[in-house]
Amino acid sequence: MTASNLFTPLARSFFARSPRAVARELLGKILIRDDDDSRLAARIVEVEAYLGESDPAAHAYAGNTARTSVLFGPPGYAYVYFIYGNHYCLNVSCEREGKAGSVLFRALEPLQGIEEMARSREITLSGPRDLPKLTSGPGRLAQAFSITRARDNGRDLTSPNSSLWIGADGFRPKTIQITARIGITKAADRPLRYVLKGNAFVSGRLSRPKPKPRKAFDM
DNA sequence: ATATCGATTATCT
DNA sequence: GATAATCGATATG
């Protein structure tokens with residue numbers, strides 16, 4: 001048997017669709033990191049769709065640059081960006097060559113390789129209640145999977161021979177919840193965040209739009 | 001429990 | 001020069 005035991009890779013055509021469709025369908029799938037003698041696996045429980053050049057919140061809004069070129073390439077490839085001077089975040093490209101669009105991975109439920117994830121995150125687990133600290137949040141999951149731009153940007157996520165890829169195990173999501181995206185200032189109200197309802201590994205305080213800054217008086 | 005803030009750098013204006 | 005698809009720490013109810 002091959003290293004893809006238990007998990008079936010997704011075809012490139014899976015990603016050759018709108019970011020909305022891909023985001024919804026990615027819920028419940030598995031992100032896999034295969035190294036020489038170890039495997040990390042975690043279920044995708046929260047993602048966001050970014051719509052490309054027409055979406056002011058998307059990096060592709062600025063056009064095809066050195067940073068965003070993967071978004072304008074073929075579907076099914078990793079777009080990794082560095083943010084706030086501290087964190088990497090993982091997307092997968094969607095649509096088709098020449099048309100940008102992507103899905104941001106926001107939270108995972110760890111399945112295999114929990115100890116290695118904790119080492120990569122440089123944290124100690126006190127108990128099961130600490131598990132969300134591993135992969136709940138885009139920066140955290142990237143660190144747990146040792147994802148960096150240098151290592152993974154442009155990587156094919158459809159091949160089980162890739163050290164980072166996406167597979168399926170037959171899991172069927174029960175209820176999917178759609179909310180506004182988190183952490184953006186432009187186009188912040190559009191419902192483009194997809195989560196497995198009730199999953200304990202979903203990031204963030206449940207999406208309450210920040211209460212409008214309101215002055216008691218004005219003069 | 002929620003709110004605010006500093007860290008730290010690639011990227012774009 | 002300002003900003004950012006975040007996180008973790010600290011402050012406050």
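Chain letters run A, B, ... following the sequence lines, proteins first and then strands; every chain starts at 1. Being a predicted model, the structure only gives us computed values, none of them experimental.
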### Query
Dot-bracket, DNA chain C: Watson-Crick or G-U, under 3.5 angstrom, [ ] crossing, | other strand?
||||.|||||||.
### Query
With stacking defined as ring centroids separated by under 5.5 Å and planes differing by under 30°, is A:Tyr81 stacked against C:dA5?
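No.
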### Query
Got a salt bridge between A:Arg121 and A:Asp130, using NZ or NE/NH1/NH2 to carboxylate O under 4.0 Å?
no
### Query
Hey, is A:Asp35 close enough to A:Arg151 for a salt bridge, meaning N to O under 4.0 Å?
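Yes, this pair counts.
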### Message
Measure OH/A:Tyr61 against P/B:dC12 and give the value in whole Å, please.
### Response
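The distance from OH of A:Tyr61 to P of B:dC12 comes to 15 Å, rounded to the nearest Å.
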Should [X] be listed as having a side-chain N or O under 4.0 Å from OP1 or OP2 of [N]?
| X | N | answer |
| --- | --- | --- |
| A:Thr65 | B:dT11 | no |
| A:Arg67 | B:dT9 | no |
| A:Arg106 | C:dT6 | yes |
| A:Thr185 | C:dT3 | no |

### Query
Which of the following nucleotides, B:dA7, C:dA5, B:dT9, is nearest to the side chain of A:His59?
C:dA5
### Message
Quick check: is A:Tyr61 connected to A:Leu104 through a chain of hydrophobic side chains (ILVMFWY, heavy atoms under 4.5 Å apart)?
### Response
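Hydrophobic grouping puts A:Leu104 apart from A:Tyr61.
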When we call it a touch if two heavy atoms are under 4.0 Å apart, what does [X] touch: a base, just sugar-phosphate, or nothing?
| X | answer |
| --- | --- |
| A:Gly139 | sugar-phosphate |
| A:Tyr84 | base |
| A:Arg140 | sugar-phosphate |

### A:Arg181 to A:Tyr50, cation-pi by 6.0 Å centre distance and 45° axis angle
yes
### Query
Could A:Arg12 and A:Phe15 be counted as a cation-pi pair, given that NZ or CZ must be under 6.0 Å from the ring centre and within 45° of the axis?
no
### Task
Look only at the side chain of A:Arg149 and the backbone of A:Tyr81, and say whether a donor-acceptor pair between them is shorter than 3.5 Å.
no
### Task
Assign each of A:Phe82 and A:Thr68 to its nearest nucleotide of DNA chain B by heavy atoms, then name whichever residue's nucleotide is nearer the 5' end.
A:Phe82
### Message
I want to confirm an ordering. Mapping A:His87 and A:Arg149 to their closest nucleotides on DNA chain B, which one lands closer to the 5' end?
### Response
A:His87
